[in-house]
Amino acid sequence: MTSDVLIARLIDLIGDRIEAHASELTELDQAIGDGDHGDNMRRGFKAVSGEKEALANMPFGEALKKAGMTLVMNVGGASGPLYGSAFMAMGKSAEAMPGSRVEAARLLEAGIEAVKSRGKSDVGAKTMLDALVPVLKSIEAGADIAAVRKAADAAVEATKPMLATKGRAAFLGERSIGHIDPGARSSALIVHAVCDALEEK
Amino acid sequence: MTSDVLIARLIDLIGDRIEAHASELTELDQAIGDGDHGDNMRRGFKAVSGEKEALANMPFGEALKKAGMTLVMNVGGASGPLYGSAFMAMGKSAEAMPGSRVEAARLLEAGIEAVKSRGKSDVGAKTMLDALVPVLKSIEAGADIAAVRKAADAAVEATKPMLATKGRAAFLGERSIGHIDPGARSSALIVHAVCDALEEK
Amino acid sequence: MKKLINATDDILAESLRGFAAAHADIVELSEEPRFVMRKGGAVKGKVALISGGGSGHEPLHTGFVGKGMLDAACPGQIFTSPTPDQMIAAAQAVDGGAGVLWIVKNYSGDVMNFEMVSEFHDGNSATVLTNDDVAVESSTHSQGRRGVAATVIVEKIVGAAAEQGADLAACKALGDRVNSASGTMGVALTSCIVPAAGKPTFDLGEGEIEMGVGIHGEPGRRREALKPADAIVGEFVETILADLKPASGEEVLVLVNGMGGTPLMELYLVYDAVARQCAEHGLKIERSLVGNYCTSLEMQGCSVTITKLDDEMKSLWDAPVRTAALNWGNG
Amino acid sequence: MKKLINATDDILAESLRGFAAAHADIVELSEEPRFVMRKGGAVKGKVALISGGGSGHEPLHTGFVGKGMLDAACPGQIFTSPTPDQMIAAAQAVDGGAGVLWIVKNYSGDVMNFEMVSEFHDGNSATVLTNDDVAVESSTHSQGRRGVAATVIVEKIVGAAAEQGADLAACKALGDRVNSASGTMGVALTSCIVPAAGKPTFDLGEGEIEMGVGIHGEPGRRREALKPADAIVGEFVETILADLKPASGEEVLVLVNGMGGTPLMELYLVYDAVARQCAEHGLKIERSLVGNYCTSLEMQGCSVTITKLDDEMKSLWDAPVRTAALNWGNG
Ligand SMILES: Nc1ncnc2c1ncn2[C@@H]1O[C@H](COP(=O)(O)OP(=O)(O)O)[C@@H](O)[C@H]1O
Ligand SMILES: Nc1ncnc2c1ncn2[C@@H]1O[C@H](COP(=O)(O)OP(=O)(O)O)[C@@H](O)[C@H]1O
Ligand SMILES: [Mg+2]
Ligand SMILES: [Mg+2]
Ligand SMILES: [Mg+2]
Ligand SMILES: [Mg+2]
C-alpha cells in the first residue's frame, strides 16, 4: 500500500470505528467523567475526514502533523490536546510511512511521550496511556496483528480496577474504581482501526 | 346545644374534616387548578381553630363574621375571599343560632349570595356554588340531615361533566370537563361537618 | 419532591428572609403581615406601585421592588393570592400621598383579594389588571385571559413613570396601555411541584410538552409531542401577532422568560428563534430581556412576550431601575 | 431528553447568536473561531482578561464579558474546553498592548488547551487557575481541585482592577489572591443532560442527592439521602471554613449559585441558611450574590462560595460592571 492509500484508509477506518462507538464512549465518560468523550472524538475525526484528500496527498509525517493540528483545533477538552499532540509528535518523529516493526514502535512511542508530557501523566493513572503503552509493549515484544488487538482490549479491561489520578475521573477518588476509562477505550478503537488498515495491505 | 358549644363543635368538626381531606382537595385542584386548595383550606380553618375559645364566647352572628374575617386574612387565593365573604355575610344575616329550618336556609342563602357577588358567578360555572345551592334547595325542600348529606355529595359528583367558566379551571376550557371541582368538594365537606354537629344536638 | 428546603411550612418565610438579607440595600421586609417594600418606605408625592400575587414566580414580584419599579410587593403562599391585610399594610407603609396603583394579574383569586382591600381601606387608588396570555382563546371562557410575564414589563414601565412624577391617572392609563400592547404565550416541558402538594401538578410523558401553559402549572391549549424550538416559537409568534396585529416595521420589545428550570443557554436559543421570526414578520426588536423573570417554581419551559413599543414606553424602559432582579442606569 | 432546541449540533451556535443579539450593546460575537468580546474590542493600555471553558455553565463566561469584567470569553462545546484557535483569535482581538490574563478553571482539558495557546501565540500573558472546589479532598488525587463558582468572583474583582489600570502582574497576583481566599461546595438534586449524550449523566433516586458535585455532573463526595437545606448548608459551611480558616469577625462575600434548574425561591432560602450559619461562626457577610451564575445545564442544585474579603477586594467588587449577567454602578 502506498502512503496516500494508507492515509486515506486510516482516516476512513478510524472515523467509522469512532462513529460506531461514539455512544459507548459517551456512556463510559458519563460514569466517571462528563459524558462528552464520544462527541469529542466524533467531532475531531469528522474534521480530519473532511481533510482526507489533502492529507492523503501529503508526505506521511506531514499528514500526521496536520491531522494532529486538526484534532487540537476541533476537539477541545482533554482528549483534543492529548490526541492532537500525539499525532503531531508522531508526524515529527517520522517523515515517511514506517517500514518496519521497529519504526512503527518508534512512531507510537513518540506519540505516547507527547501524551505523557502534555498530560503530565504516566501509566497507572487510568488514562489512554494505559491502553497505548501496553500496545507499544506488545509491538516491541513482536506480537502479530491479532495479538496487538488482544493486548489493546486487555489493557482497556485492565483500567477497570484502577484508581484515577489524572483527568476528570481523578475528582472521583475511590469512586472511579470499577469503570473502564473512556480514553483508554477510544485509544483501543484507534489501534483496532490501524490493525484493520495494516491487514488490508 | 348552646351557641357556644355549637360553635366549638363546628370549628372542631370542620377543621378535622378539612385536615382529613386536604390531600384529596389538593389532588382535585391539581387536575384543573393549581394544586393548592387543600393547603389553602387547611391553613384557613387552622387559623379559625386557633380562635376557638374567643369565637365560642361570641354571639353566633359575631362569631361567624369573625371567622369569615379570619378566613379572608389567612387563606388568600379564590377560596379565601369566597368562603370568608360567605361566613361574614352569614354572620351579618343572623344574630343568633338559627332556630328553625327556615332560619337555617336564610343563613345559608346569605352566604351563597355573598359568594355569587364576590365571585361574579352563579350555578353552572363549576364552582363551590354548584355544591352550596343544591344543598340550600334540599333544605328548603324539607330534606332531613341524611338527605342533605346526599344532596351535597350528588352535587359534587354533578360538577364532573360541567364546563368551568369561573375560577382558574375556566382557563382550561373543554379540558375542565370530567373533573370534580375542588371548591364544590370542600363545600360538601363543610356541609357534612355541619350535619355531624347538628346530629350531636 | 426534591427541593432545597427545610420544612414545607417555612419555605416562604425563610426564602423571604434570605431575599431581604441579600438585598438589604434595596428592600425592607415586613414579616407579619408579609410584604417587601422599597428601602426607606414611602416616597412623598410619588404614586406608590404595589403588586402581589402567589409566591413561586420569583423574582416576580419581590425582585422588582426598588427605585424605578415597585414600591411594595405582597407575596402570598405558593400559587395563592396574598390576603387583604398584606395589601393594606403595604399601602399604609408606602403611600406617599399621591395614591396607590395596584398591579394585579388577572386570576379570580387575586382579583377578589385586591377588591376586598378597598372594602377595608380607603385611600386614593387605581388598579391595572394584566391579562397578556394569548394562549387561551377568550371566547371559550368568561374569566378573561391570565396575567403572566408582561406584568414585568408593565411594572418596569409604569414604575419609571411614577418615579418621574406621573400622577395616579397617568400611571393607570399607561399600565393599561402597556398591557394592551402585550401578548404572551408559554410552554412547559415539565411540571412544577407545589411543595404542599408534594408531587407534580401534571404528568408529561418523556416526549410531551404542554403548549400554552400558565405560570401555575395550569394546563394550556393542548398537550402535544415535543417539537423543535423553532416550531414552538413559530406558534407563539403567530398567536401573539394575531392578537396584537402590529403594523409592519413596528417596534417591539421581546421578553423571553424562563419558567424556572430551563437554563439560559436554551432561553437565548429561543431568543434567536424569536428574533429570526420577528424579522420575517417585519418587526423591529428595539428592546429585549432574556432570563427567569416570571417563573413557575422549577418548571422547565419558557414564555415569549411581545410588546408593541412607542417612544414614551422605550424611554421609560431605559430609565434607571434598581431592584434585585432588574438593575440598570444607576450611577 | 427534553430541551428547547432545534438540532443538537446547532445548540451552541444558535444560543450564542441569541445571546449576542440580545446584548448587542455590550458584546460582539465571532462565530468562527468562536468567541465573544466586549463591544469595540481591545481597550488600549488595559490588561485584557480572557476566560473560556466548556459551554453549559451560562452565564459563565459569556455573560461576564463587558466593561469592568472580561474582555473576551471562548465558549467550547458543551462541557468541553474550547480549542486553542479560539483563544488565539480572542487574544488578537482584545489585547490592548498591556498583555492578556487568562482565567482558567482547573480541569486537565482546559489547562492543556490554554497551555497550547502559548505554543502557537506569543505575547505577554499570565494565567490565573481557579481551583475553589473544596468538596474533593486534595490528598486523594493529583489533579488538584476543580475550579467552580469562585471563578465568577475572580473575574469580577480582577476585571475591576484591570479596568482601573492594574498591570498584568498585579492582575495575576490579585486573581490568585481571590482564588486562594475562596472555597466552594455544591450539591445536585438531579443530573444534567448533555445534549450529545441525550440522557442524564447520572441517575439519582427520588430521595437521593449528590454532595460535593461538580459543574459537569461529575460525582462528588458521596451520594446520600435528601436532607434539609440547613444540613446541606451546614456541611458546605464546615467544609469551606475548614479550608479557608477565617478569623472570627472576618468579612466575607457569599455566593449562592444555582446549578440551572433550581428556582430563585430555593436559592434565597439557602442564602438564609448560609447567613444564619455564618453568623454562628462569627463571620460578617459584607457582600452577597444569589442566582444562577455558574451552572450545569438544567441540573437542580446549588453551590455555596465563601470568599474572605479585604478592603481592596470589597471596593473592586463594588466597582462598576456592565455585562449581560452582572450590571451595577453605571450612570
Ligand atoms: N492528564 C491526562 N493524561 C492522559 N490522559 C488523560 C489526561 N486527562 C484526561 N485524559 C484522558 O482523556 C479522557 C477524557 O477525554 P474527554 O472526555 O474527551 O475530555 P474531558 O475530560 O475534558 O471531558 C480520559 O478518559 C483519559 O483517558
Ligand atoms: N368566581 C368564582 N365563583 C365561585 N367560586 C369560585 C370562583 N373562582 C373560584 N372558585 C372556587 O374556588 C375554588 C378554588 O379555590 P383555591 O384553589 O383555594 O383558589 P385558587 O383558584 O386561587 O388557587 C374552585 O374550585 C371554585 O370552586
Ligand atoms: Mg469528557
Ligand atoms: Mg387552587
Ligand atoms: Mg392558588
Ligand atoms: Mg469535557
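Labels below follow one simple rule: chain letters A, B, ... track the order of the sequence lines, proteins then strands, and each chain is numbered from 1.
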With rounding to the nearest 0.5 angstrom, report the CG to OG1 distance, B:Asn74 to C:Thr83. 6.5 Å
Which portion of B:Ser23 sits near chain C, non-hydrogen atoms under 4.5 angstrom: neither
Please report the closest heavy-atom contact between B:Pro81 and C:Gly109, naming both atoms and the distance. CG-O, 4.5 Å
Would you mind checking which part of B:Ser85 comes under 4.5 Å of any heavy atom in chain C, side chain (CB onward), backbone (N, CA, C, O), both or neither? side chain
Does atom CD of B:Glu199 have more than 12 heavy-atom neighbours, drawn from other residues, nucleotides or ligands, at distances under 6.0 Å? yes
Interchain contact, B:Arg43 with chain C, by part (heavy-atom threshold 4.5 Å): side chain
Student check: side-chain heavy atoms of B:Asp36 and C:Gln77 closer than 4.5 Å: no
Of the backbone (N, CA, C, O) and the side chain (C-beta and beyond), which part of C:Arg34 lies under 4.5 Å from a heavy atom of chain B, both, or neither? neither
Contact between B:Gln30 and C:Lys199 at the side-chain level, heavy atoms closer than 4.5 Å - yes or no? yes
Name the region of B:Ala22, side chain, backbone, both or neither, that has any atom closer than 4.5 Å to a heavy atom of chain C. neither
Would you say CD of B:Glu200 has more than 12 non-hydrogen atoms from neighbouring residues, nucleotides or ligands within 6.0 angstrom? yes
Using a 3.5 Å distance criterion without hydrogens, assess whether the side chain of B:Arg175 forms a donor-acceptor pair with backbone atoms of C:Gly220. yes
So do B:Arg168 and C:Phe79 actually touch side chain to side chain, heavy atoms under 4.5 Å? no
C:Pro82 versus chain B, the contacting section by heavy-atom distance below 4.5 Å: backbone
Are the side chain of C:Asn113 and the backbone N or O of B:Gly77 linked by a donor-acceptor pair below 3.5 Å? yes
Looking at side-chain heavy atoms only, is the closest gap between C:Glu115 and B:Arg118 below 4.5 Å? yes
With a 4.5 angstrom heavy-atom cut-off, is it the side chain or the backbone of C:Gln86 that approaches chain B, or both, or neither? neither
Quickly, which of B:Asp39, B:Asn40, B:Val75 forms a side chain to side chain contact (heavy atoms under 4.5 Å, CB included) with C:Thr80? Name it, please. B:Asn40
Answer with side chain, backbone, both or neither: which region of C:Asp203 has an atom nearer than 4.5 Å to a non-hydrogen atom of chain B? neither
Heavy-atom count check: over 12 atoms from other residues, nucleotides or ligands less than 6.0 Å from B:Lys92 NZ? no
Contact origin within C:Pro200 toward chain B - heavy atom pairs under 4.5 Å: backbone
State, with a plain yes or no, whether a side-chain heavy atom of B:Met73 is found less than 4.5 Å away from one of C:Met116. no
Test: B:Glu174 and C:Arg221 ion pair at under 4.0 Å: no
Given side chains that start at C-beta, do those of C:Ser108 and B:Lys120 come closer than 4.5 Å, heavy atoms only? no
